[in-house]
Protein chains: 2
Amino acid sequence: MSNKLDEQLSKKSADEQALWSLRHTAEHVLHQAVKELYPDIQLAMGPATEEGFYFDFDASPEGKEPIVISEANFPKIEKKMREIIKKNWPLVRQEISPEEARALFADNPYKLEWINQIEARGEKVTVYWTGEPGRQGSMVDLCSGPHVATTGEVKAFKLLSVAGAYWHGDEKNKMLTRIYGTAFPTQEELEQYLFQLEEAKKRDHRKLGKELELFFIDDMVGKGLVMWLPNGTIVRDEVEKLAREMEKKAGYVRVVTPHIAKEELFLTSGHLPYYKDSMYPPMEMDDGTYYLKAMNCPHHHRIFLHKPRSYKELPLRLAEYGTCYRNELSGTLAGLLRVRALAMNDAHMYCRKDQIKEEFAGVLKLTMEYFKIFGLQDYWFRLSKWSPDHTEKYIDEPENWEYAENVLREVLQSMNVPFVEAEDEAAFYGPKVDVQFKSVIGREETMSTIQLDFAAKKRFGLSYVDKDGKENNEVFVIHRAPLSVHERFMAFLIEHFAGAFPLWMAPLQAVVIPISQDQQKYAEKLTQLLRAQNIRIENWDEAESMQNRIRKAETQKVPYMFIVGKTEESNETVSVRRRGKKSDGEWAVTQLLEKIKKEIEEKAQW
Amino acid sequence: MSNKLDEQLSKKSADEQALWSLRHTAEHVLHQAVKELYPDIQLAMGPATEEGFYFDFDASPEGKEPIVISEANFPKIEKKMREIIKKNWPLVRQEISPEEARALFADNPYKLEWINQIEARGEKVTVYWTGEPGRQGSMVDLCSGPHVATTGEVKAFKLLSVAGAYWHGDEKNKMLTRIYGTAFPTQEELEQYLFQLEEAKKRDHRKLGKELELFFIDDMVGKGLVMWLPNGTIVRDEVEKLAREMEKKAGYVRVVTPHIAKEELFLTSGHLPYYKDSMYPPMEMDDGTYYLKAMNCPHHHRIFLHKPRSYKELPLRLAEYGTCYRNELSGTLAGLLRVRALAMNDAHMYCRKDQIKEEFAGVLKLTMEYFKIFGLQDYWFRLSKWSPDHTEKYIDEPENWEYAENVLREVLQSMNVPFVEAEDEAAFYGPKVDVQFKSVIGREETMSTIQLDFAAKKRFGLSYVDKDGKENNEVFVIHRAPLSVHERFMAFLIEHFAGAFPLWMAPLQAVVIPISQDQQKYAEKLTQLLRAQNIRIENWDEAESMQNRIRKAETQKVPYMFIVGKTEESNETVSVRRRGKKSDGEWAVTQLLEKIKKEIEEKAQW
């Protein structure tokens with residue numbers, strides 16, 4: 001399993017290089033097309049990117065009329081690009097002297113600036129010609145490549161957007177016009193990408209977070225600090241409840257630790273001084289210096305240490321949804337994905353060396369159970385190992401490294417899960433296993449992590465009394481956060497479900513819609529009945545058309561609509577409508593209640 | 001109801017004055033007795049106190065042999081005190097000149113220091129004689145009184161402890177010997193007090209917190225920051241779960257807000273600058289100054305404000321177990337009663353003026369429901385009002401004051417609860433109702449508070465759109481915390497139950513005790529069965545005598561012990577033992593399970 005994935009990954013890497021060349025050529029086709037359409041425009045620069053390509057144009061060069069390019073002009077530009085592609089011109093590389101280059105781009109201050117810089121670095125100047133070098137109609141650009149062989153290879157492309165961008169990204173420089181586009185080897189791949197782009201826009205957790213009133217960021221409270229609204233709090237609480245239940249079953253015990261601690265604790269843990277830049281500024285109190293915690297482990301280690309431990313107590317699994325604080329730059333904060341306070345699905349297990357295997361297997365099993373509940377499938381594992389060639393980067397316990405890496409590999413193999421191995425990628429203190437996800441919108445991300453820690457035992461002096469009454473200092477720590485942090489996991493869930501949460505975690509699980517005012521009483525009785533059974537339900541009896549109320553329920557992504565008219569009232573039934581579907585038939589009230597309770601309890605997939 | 005309590009309270013105040021005089025005289029009897037027994041000892045000073053009295057002696061005056069007084073000497077001193085009491089000497093007040101005083105206390109540097117200070121303040125010097133002034137055997141002390149008429153009135157007294165104390169409480173001064181005692185009008189009251197003192201020692205939440213492993217304070221983490229151990233976390237979580245359930249039923253919605261915010265928020269709320277000394281120091285970030293929150297209201301107000309509100313949304317009840325931070329001096333921190341981070345059973349209701357009455361009644365009802373569940377009875381309410389004579393101390397809305405105070409009084413009266421009224425005791429922003437408790441150890445304390453707030457609407461610009469589509473700025477806020485803060489309420493509960501929590505909140509609810517190794521399998525089966533039903537149970541099958549294991553369970557205050565021997569195994573039964581009782585009979589397993597589940601669900605009193 002592991003080998004196959006390795007192959008896929010290295011293949012992907014070659015593919016990626018080819019894709020890069022293709023996009024780079026598409027970018028040349030773009031600036032050629034624009035230059036042909038708007039001869040006065042000045043070409044600045046543009047690269048291929050992870051997502052496609054872009055090019056920056058100076059649309060108001062000195063002494064010329066300013067040119068305005070908007071998305072309305074894209075069809076015209078794309079048409080011109082297709083013409084250039086059709087001509088199947090070759091891309092020809094030339095190495096020239098700086099003097100030749102300066103002559104070639106004499107009227108372009110942007111290129112001249114680059115040429116001077118290349119010369120100053122002592123590098124070679126290369127240009128790429130589209131078409132035969134020097135021929136009338138051929139286009140030349142200062143460029144180090146690589147490219148595909150001919151413009152004809154650019155088959156599937158699309159311009160996406162236009163935006164302003166400062167030269168060198170510096171607002172003191174001139175504002176240029178940046179055109180974004182993308183290109184793929186096939187039309188099918190392009191369409192897949194465009195579909196995902198549309199989906200990403202629709203599913204954007206910031207957009208849905210606002211529409212569904214899940215959370216907001218308040219400037220007066222501060223950037224990167226999430227204010228969870230009632231709807232978001234319900235979803236968050238359901239996730240936390242699940243974690244508590246599963247962790248209880250798996251033999252964890254819960255603790256609650258303060259969000260702050262004295263400097264001494266973080267000096268012991270090593271967060272100070274090594275991690276200081278990521279921590280909040282210190283607070284001077286009358287008895288010392290305090291910090292907001294960046295991680296929960298130091299507090300948990302102190303709980304381990306608060307009394308002598310016996311071998312009988314190991315493994316000890318301390319769990320806490322602990323809130324940590326990271327001093328990110330305000331400019332980098334975005335939605336739920338980059339925040340300054342994060343509530344972590346944290347736990348630390350303290351175990352003997354011979355217990356590592358079982359503990360690690362337990363965490364892996366738990367993690368996969370979670371994913372099954374949420375209906376997540378597109379994931380694999382990455383085992384990050386140390387490097388025996390760079391031992392200086394890692395804690396000096398070669399035997400433990402070898403033992404632990406073997407154990408982790410054995411578990412991954414025995415559980416028959418897809419995984420890759422990455423050498424020289426471990427943490428300083430031990431090997432780790434990350435869970436990699438391919439999200440519905442095509443983004444690859446690390447969701448969870450399981451880390452082995454050989455360093456804590458020495459730093460904190462962790463020990464236990466073994467069977468023979470002797471003190472043993474070999475306490476291994478596992479850090480794990482299968483459900484990541486609330487903020488990040490919620491962003492992931494919102495986008496995964498496009499806001500249409502499964503019944504069990506939906507903020508509002510059902511609405512009752514009486515067809516006319518005559519059913520008001522029946523509707524209210526029904527609402528009270530279901531609410532008494534802990535179902536999150538509202539009676540939407542306002543004087544508005546049924547169709548409008550159904551539309552509203554669909555927009556708010558409410559899983560169930562219970563429509564009651566004259567017939568339903570006299571039959572003591574409900575016409576059930578499921579979110580996104582027309583009808584789920586007429587149900588007797590008691591049966592409906594049972595059905596819903598069962599779906600909630602079983603956390604049925606929706 | 002209210003009048004009767006008023007009477008009681010004013011009577012108590014006169015009683016208190018009498019008690020004070022009695023204890024003051026007992027203190028004179030003490031120092032006279034000690035001086036007669038140890039003629040070399042130097043008398044420093046001593047007062048009557050809330051709890052009794054004390055006197056500071058200089059037991060190593062210059063040029064004399066040091067005297068050691070320990071509790072072993074108390075019988076001798078008490079005997080001498082009884083002799084002085086029996087003589088029924090009068091206490092006689094004299095006003096004398098500073099010169100006369102200096103002559104009288106010429107050999108006592110402590111008294112001379114006081115005399116100089118009294119003279120410097122321009123006050124009169126008074127002394128009290130025990131016995132006829134100036135007569136052989138009479139005792140004199142610098143003292144402003146008051147006292148009872150004769151030493152014979154001191155009937156019930158007891159010396160309690162001895163400790164070191166610096167003169168003026170300053171460690172640069174000499175260490176004196178302080179003897180503590182107490183006195184009451186009757187022997188019965190003294191014994192009641194001594195019993196409560198014993199109880200208080202036994203029930204001390206710091207002692208039980210340690211013994212039952214509920215929490216600890218870790219010097220490396222910081223003073224006043226509670227580390228909740230697994231057992232304490234269970235109790236805490238059960239309280240929180242109760243709050244969540246009850247608040248849900250009462251129509252609250254939950255939110256989660258960050259623990260920090262920008263300066264701007266606290267400038268708007270007025271916490272800065274008025275409350276700054278109680279807040280943690282500021283943290284400078286790249287986008288402004290941040291503070292840990294001292295209260296949750298500013299964050300909740302921002303949630304109210306995050307979108308335009310309609311009259312249909314009122315009352316809006318936002319609930320959160322929010323953690324607040326108070327910068328208390330490290331020297332004042334003690335156990336759970338004085339901490340620097342507190343998790344508050346907080347909620348804010350936003351309502352129209354005509355909704356105040358119903359909202360307030362709802363909170364009162366909820367509060368009393370909680371108390372009933374915890375079996376708390378010894379409480380009354382205190383309605384704190386403004387003073388029309390000191391309007392400058394209060395927000396200037398006389399009509400709202402009158403309206404609100406009347407409404408609160410009406411609700412208290414209609415619910416037929418005991419309450420007193422206190423004029424000029426309200427908060428700046430509105431009247432409040434406190435819940436006063438007499439704890440099992442005789443301490444009177446304010447547990448919960450319900451506060452009306454007229455000021456927030458203006459400070460934060462709270463408003464809603466009324467039925468006619470017009471903006472209305474009259475949004476009234478109710479702050480409430482029926483279950484106080486976790487830290488304080490847990491201290492109260494631990495002491496109230498002496499650590500023997502009712503079944504539903506006990507960290508460990510039951511233990512299985514197999515009589516011999518032969519019942520191990522049966523014991524384990526039983527444990528698994530009950531654990532699967534979410535009962536917190538352990539199988540205590542270690543090779544130790546049954547009696548020892550029962551004793552251990554009693555010490556750990558485990559509600560149920562399930563004892564299984566040969567008979568029980570063959571009958572598929574369990575011999576049940578309830579905490580503090582001998583036996584609860586033999587139960588069939590299924591019936592036992594039902595019984596326990598019912599007791600947990602109903603939160604049965606234990």
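The basis for the numbers below is simple: all heavy atoms, side chains too, and nothing from hydrogens, waters or symmetry mates.
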*Euclidean distance, Glu264(B) CD relative to Met220(A) CE, rounded to 0.5 Å*: 7.5 Å

*Sort Glu284(A) into side chain, backbone, both or neither according to what part of it lies under 4.5 angstrom from a heavy atom of chain B.*
backbone

*asked:* What I want to find out is whether Lys262(A) reaches Asp219(B) closely enough, with some N-O distance under 4.0 Å, to be called a salt bridge.
replied: no

_Non-hydrogen side-chain atoms of Arg254(A) and Pro230(B) separated by less than 4.5 Å_ = no

*Between NE2 of His306(A) and CG of Asp218(B), what distance do you get to the nearest 0.5 Å?*
10.0 Å

_Segment of Glu263(B) engaging chain A (4.5 angstrom heavy-atom cut-off)_ = neither

_At a heavy-atom distance under 4.5 Å, which candidate from Lys307(A), Lys293(A), Lys249(A) has the highest pair count against chain B?_
Lys307(A)

*asked:* Using heavy-atom distances under 4.5 Å, tell me whether Glu245(A) contacts chain B through its side chain, its backbone, both, or neither.
replied: neither

*Check the pair Val256(A) / Phe215(B) against side chain to side chain contact (heavy atoms under 4.5 Å, CB included), numbers first and verdict last.*
CA-CA 9 Å; Val256(A) 179; Phe215(B) 69 93; over 6 Å; no

*Check: Val221(B) and Pro258(A) side chains under 4.5 Å, non-hydrogen atoms*: yes

*Using a cut-off of under 4.5 Å on heavy-atom pairs, state which of Thr323(A), Ile260(A), Ile234(A), Asn231(A) scores highest against chain B.*
Ile260(A)

_Residue pair Phe216(A) / Arg302(B): nearest heavy atoms and the distance that separates them_ = CZ-O, 3.7 Å

_Within the 4.5 Å heavy-atom criterion, are Arg340(A) and Tyr290(B) side-chain neighbours or not?_
yes

*Any donor and acceptor pair, going by atom type alone, linking the side chain of Asp287(B) with main-chain N or O of Ser330(A) inside 3.5 Å?*
no

*Please determine, among Arg244(B), Arg531(B), Lys223(B), Met283(B), the option with the most heavy-atom pairs under 4.5 Å with chain A.*
Met283(B)

_Before you tell me yes or no, could you show the steps for Asn327(B) and Met285(A) under side chain to side chain contact (heavy atoms under 4.5 Å, CB included), namely the whole-Å CA-CA distance, both residues' side-chain angles and the distance that decides it to 0.1 Å?_
CA-CA 8 Å; Asn327(B) 188 357; Met285(A) 309 279 280; 3.2 Å; yes

*asked:* Using heavy-atom distances under 4.5 Å, tell me whether Phe266(B) contacts chain A through its side chain, its backbone, both, or neither.
replied: neither

*Do NZ/NE/NH1/NH2 and the carboxylate oxygens of Asp237(A) and Lys241(B) come within less than 4.0 Å?*
no

*Heavy-atom pairs under 4.5 Å with chain B are the metric here; pick the option from Val253(A), Asn534(A), Leu265(A) that has the most.*
Leu265(A)

*Val255(B) side chain reached by Leu229(A) side chain, heavy atoms, under 4.5 Å*: no

*Check whether more than 12 heavy atoms from other residues, nucleotides or ligands sit under 6.0 Å from atom NZ of Lys210(A), and answer yes or no.*
no

*Check each atom of Leu292(B) against the heavy atoms of chain A and say whether the ones under 4.5 Å are side chain, backbone, both or neither.*
side chain

*Side chain from CB out, backbone as N, CA, C, O: work out which of these in Thr268(B) comes under 4.5 Å of a heavy atom of chain A, or both, or neither.*
side chain

_For chain B, the option from Leu318(A), Thr257(A), Ile303(A), Leu305(A) that forms the most heavy-atom pairs under 4.5 Å_ = Ile303(A)

